[in-house]
Amino acid sequence: YRWQGGRTAPLVDGAGRVAFALDDGSVVYQLQSTSPWPDMEPIMLRTTDGTTRELVGTDGVAPRLWAVGEIDGNPQVVFEPWPVPRPSPEHETCEGPLLSRDLVTGTTWDLHAFSAPGYGLGLSGVQGGIVLAFNTGSEIGEVGGFRLMDLEGNDLPNPMCVEAVDCSDAAWVLGALSPDGERLAFVIDHMVTGDETEYRAVERRFGVVDVATGVVELSLTLPLERDLGWLDYDGRWAVVSLRAGAPLLIDAAGMVTELPLEGTATLAR
């Protein structure tokens, strides 16, 4: 659905895992699969005339859509093609590379980053050729944090130390860059561990940090009653989607509004 002015308009049939709207009105999306693997649906593009075409198929892979950004003026789709079946003799570690595909030229970049069970390495933004990756810290006792890297997978200077985002304990972390790449919005669920197989969130923090200086410009507490699902940020507004119920819209002043929607929401680019 597209939501504008308090009204929604259906675009495609099916429940979307995540979708991104581009400036020209087209939408990149991935529907939620009903198969045992949650990412067994292709990544699709819906253009302004209502036609759809496949961007990333499912031939031998389970793609996962992470983000849409812009490099050298061209829109990019960033995704992970997990091998199927998984694990398999050829892919015993059950990993998939992080790739970026240019929608204009068709060029595919290998970002030289991987996702692995328990670590949840993911991508939250592509701006000016810079990829922002995050580690959710989903292993027991793992400390969540952020890293910046270029299109060759090389780490870039990152002043956002763990103190800047207050990741001193085990945490579940989401992040998203502003369109100009100057600010990072983040949500952190701070965890405490019980026994060796259990942990629970005790505080949820939302904030905005200046990428160049590491200064936190906005910080506030969000309610914990629902699990985190997705975060998006356009430099002014942030939307925090939860695994059930309505997403939360947060403005630059820290005002939090519950949207009259259900499911995962992202902001138009």
Side-chain angles (χ1 to χ4, degrees), residues 18 20 66-71 76 78 98 100 111 113 119-138 142-151 153-191 201-224 227-242 247-257 264-269:
V18 67
F20 296 90
W66 276 111
V68 169
E70 185 176 286
I71 299 174
Q76 304 277 326
V78 182
L98 197 63
S100 179
L111 303 181
Y119 288 92
L121 178 67
L123 180 135
S124 52
V126 179
Q127 311 295 344
I130 295 174
V131 175
L132 172 69
F134 62 89
N135 186 324
T136 63
S138 55
E142 188 82 10
V143 176
F146 301 95
R147 63 185 273 237
L148 293 170
M149 60 186 182
D150 63 21
L151 287 175
N154 302 308
D155 284 324
L156 300 173
N158 181 6
M160 294 177 295
C161 59
V162 292
E163 290 82 10
V165 292
D166 194 21
C167 274
S168 56
D169 299 310
W172 181 267
V173 182
L174 297 177
L177 279 174
S178 62
D180 58 13
E182 294 181 357
R183 288 176 175 80
L184 163 74
F186 59 87
V187 183
I188 299 175
D189 277 7
H190 292 283
M191 306 286 185
V202 294
E203 182 188 46
R204 177 171 295 164
R205 300 292 299 174
F206 169 83
V208 175
V209 62
D210 185 294
V211 171
T213 65
V215 173
V216 177
E217 299 179 347
L218 177 66
S219 180
L220 55 95
T221 301
L222 295 179
L224 265 173
D227 291 340
L228 282 177
W230 190 258
L231 170 67
D232 199 16
Y233 179 57
D234 68 358
R236 179 185 178 190
W237 302 92
V239 59
V240 180
S241 297
L242 305 167
L248 304 177
L249 184 68
I250 305 173
D251 67 13
M255 178 71 69
V256 180
T257 304
T264 300
T266 53
L267 296 159
R269 294 297 189 269

Colleague: I need the minimum non-hydrogen distance between V208 and Y233, along with the two atoms involved.
Modeller: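 Heavy-atom minimum between the residues: CG1-OH, 3.6 Å.
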Colleague: V211 versus L177: any side-chain heavy-atom pair under 4.5 Å?
Modeller: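 SC-SC contact between V211 and L177 confirmed.
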Colleague: Calculate, to the nearest 0.5 Å, the distance between atoms CH2 and OG1 belonging to W230 and T266 respectively.
Modeller: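 So the gap between those two atoms works out to 8.5 Å.
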Colleague: Roughly how far, to the nearest 0.5 Å, is CD1 of I188 from CD of E203?
Modeller: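 E203 atom CD to I188 atom CD1 measures 9.5 Å (nearest 0.5 Å).
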Colleague: Apply side-chain hydrogen bond (donor to acceptor under 3.5 Å, both in side chains) to E217 and list each qualifying residue two or more places apart in sequence or on a separate chain.
Modeller: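 So E217 forms a side-chain hydrogen bond (donor to acceptor under 3.5 Å, both in side chains) with R183.
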Colleague: Can you tell if the side chain of I250 reaches within under 4.5 Å of the side chain of L222, non-hydrogen atoms only?
Modeller: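 Yes - at least one pair of side-chain heavy atoms lies under 4.5 Å apart.
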Colleague: Do you see a donor-acceptor pair shorter than 3.5 Å between the side chains of R204 and T221?
Modeller: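 No - no donor-acceptor pair under 3.5 Å links their side chains.
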Colleague: To the nearest 0.5 angstrom, please state how far the CG atom of L224 sits from the CG atom of L242.
Modeller: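 Nearest 0.5 Å value for the CG-CG distance: 10.0 Å.
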Colleague: L218 versus F206: any side-chain heavy-atom pair under 4.5 Å?
Modeller: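 Touching, per the 4.5 Å side-chain cut-off.
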Colleague: For A265, is there any backbone N or O sitting under 3.5 Å from a side-chain donor or acceptor partner on S241?
Modeller: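 Checked: pair present.
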